[in-house]
Amino acid sequence: MKIDNLPRVTLINAPTPIEELKELSNHLGGPRIFIKRDDLTGMGLGGNKTRKLEYLIGDALQQGCDTLITTGGIQSNHCRLTAVAAVRAGLKCELVLSGSPPEIENGNVLLDRLFGANITWCYGDQRNDKMLDIANQLTAQNKKPYVIPVGGSNEIGAVGYISAMAELKLQLLQMEIIPDYIVFATSSGGTQVGLEIGKNLYQVNTEILGISIDQTKTGDNAFPPILRNIAAKTLDRIQADTKVEALDFSLNCDYLGAGYAIPGELEISAIQLCASLEGILLGPVYTGRAMGGLMDLIQKQFFKPTETILFLHTGGTPELFAYHQIFKK
Ligand SMILES: *Cc1c(COP(=O)(O)O)cnc(C)c1O
């Protein structure tokens, strides 16, 4: 295995804290709930993409690249964190966002602009072509672009969450907790792949359960094959002995609501409850949905009161400001 030799830049003040959510647990009459605060990774208001970017930017710098190109939705946390990471690494940043320019810039897209990213707008299904166009233009100008896929979820970015699992294992040993489940928001897959590989490599006895934000188990773009594909490439890159067949991608797709980035009652009440009981802020797009799902699964007795859950807070709090209208007074 060769994780330690992979190029990496430091963007995080690790380890991120783990806290117990006693009030929430009492309120729900449920299991012990711990939270790992990957919303507190530091740089640029934090979030899970920072761990992936440590390796992605390490790779970009090793290749001598000068411009990062990536893509996402208008409130993409990944784009915001790529923009700030580019500033820190002395690189330029091109963002391809789906949709049209908003009248008032708020939340993540405002921060993209403050971090000096150049934004191109396009239809969602044209994002990859648009990134390639921009890369080709830059190459023609003798620049060296580095294209990062949506969510930073490839065999390079996923390593960030293998490392996170090593970090987490030490913390769990010190705190003497063995979570039955690690629950988190899953969407482009890099986080889930990294956690699941890390669990296997470092022998952490827990179940990694992704609450899907927008992915389905079956159909044209079914998520499990996507996860296995990223996992196979990641295992190859780190030269692990583990086989992709040994990985178990647990997925709950019951909380897709009205669709991606369309929060409803589930998200609103999870956000209000966590803020008022625990002083923890969740975002309406990802973490509100995942925590809403976790709460519902406690109510349904899927998680037993005797169990222990670790919720991985993947960030996204700047989304709150773009969605202020959903919180009625
Ligand atoms: C991107 C993102 C996720 C999902 O992580 P993936 O690695 O894309 O599956 C979860 N939460 C937040 C806040 C995110 O920005």
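Just follow the structure's listing: the first ligand is 1, and inside any ligand the first atom is 1.
- Those atoms of ligand 1 that come under 4.0 Å of a heavy atom in G190, given as number and element, are 7 (O).
- Taking OG1 of T70 as the start and CE of M131 as the end, the distance is 5.5 Å to the nearest 0.5 Å.
- Looking only at heavy atoms of the protein, atom 14 (C) of ligand 1 is closest to K49 NZ, 2.9 Å.
- Not a single heavy atom of G283 lies less than 4.0 angstrom from ligand 1.
- Within ligand 1, counting atoms from 1 as listed, the ones closer than 4.0 Å to a heavy atom of G189 are 6 (P), 7 (O), 8 (O), 9 (O).
- Remark: ligand 1 atoms within the under-4.0 Å shell around heavy atoms of G316 are 13 (C).
- Under 4.0 Å is where a charged nitrogen must lie from a carboxylate oxygen, and between E167 and K36 at least one such pair does.
- Between the OG1 atom in T139 and the CD1 atom in I134 there is a gap of 11.5 Å [rounded to 0.5 Å].
- Within 6.0 Å of CG in N128 there are 12 or fewer heavy atoms belonging to other residues, nucleotides or ligands.
- By the 30° and 60° cut-offs, the orientation of the rings of F302 relative to Y181 is tilted.
- In summary, the side chains of Q137 and D133 do not present any donor paired with an acceptor at a separation below 3.5 Å, with no hydrogens or angles considered.
- Scanning the protein for heavy atoms near atom 9 (O) of ligand 1, the closest one is S187 N, 2.8 Å.
- For N48 and Y161, the side-chain atoms include no donor-acceptor pair closer than 3.5 Å.
- Tracing side-chain contacts under 4.5 Å through hydrophobic residues (I, L, V, M, F, W, Y), one reaches I230 starting from F223; they form part of the same cluster.
- Among all protein heavy atoms, the one lying closest to atom 5 (O) of ligand 1 is N48 ND2, 3.0 Å.
- In this structure, T287 has no heavy atom closer than 4.0 Å to ligand 1.
- The closest side-chain donor-acceptor pair between Y255 and D296 falls under 3.5 angstrom.
- The single protein non-hydrogen atom nearest to atom 4 (C) of ligand 1 is A185 O, 3.5 Å, given as residue, atom name and distance.
- Checking each of L56, L11, T16 against R51 for a side chain to side chain contact (heavy atoms under 4.5 Å, CB included) leaves exactly one that passes, namely T16.
- Ligand 1 does not have G47 within reach: every non-hydrogen atom of the residue lies 4.0 Å or more from it.
- Interface atoms of ligand 1 facing T191, defined by a heavy-atom separation under 4.0 Å, are 5 (O), 6 (P), 7 (O).
- Ligand-side atoms of ligand 1 in range of K52: 6 (P), 7 (O), 8 (O), range being under 4.0 angstrom from any heavy atom.
- Nearest non-hydrogen protein atom to atom 11 (N) of ligand 1 is T314 OG1, 2.6 Å.
- Nearest protein neighbour of atom 8 (O) of ligand 1, counting heavy atoms only, is S188 OG, 2.5 Å.
- Annotation for ligand 1: atoms under 4.0 Å from non-hydrogen atoms of N77 are 13 (C), 14 (C), 15 (O).
- Interface atoms of ligand 1 facing T186, defined by a heavy-atom separation under 4.0 Å, are 9 (O).
- Within the structure, ligand 1 lacks Q192 among the residues with a heavy atom less than 4.0 angstrom away.
- Under the 4.0 angstrom criterion for non-hydrogen atoms, G151 is not in contact with ligand 1.
- Of all heavy-atom pairs between M165 and K199, the closest is CG-N, 3.5 Å.
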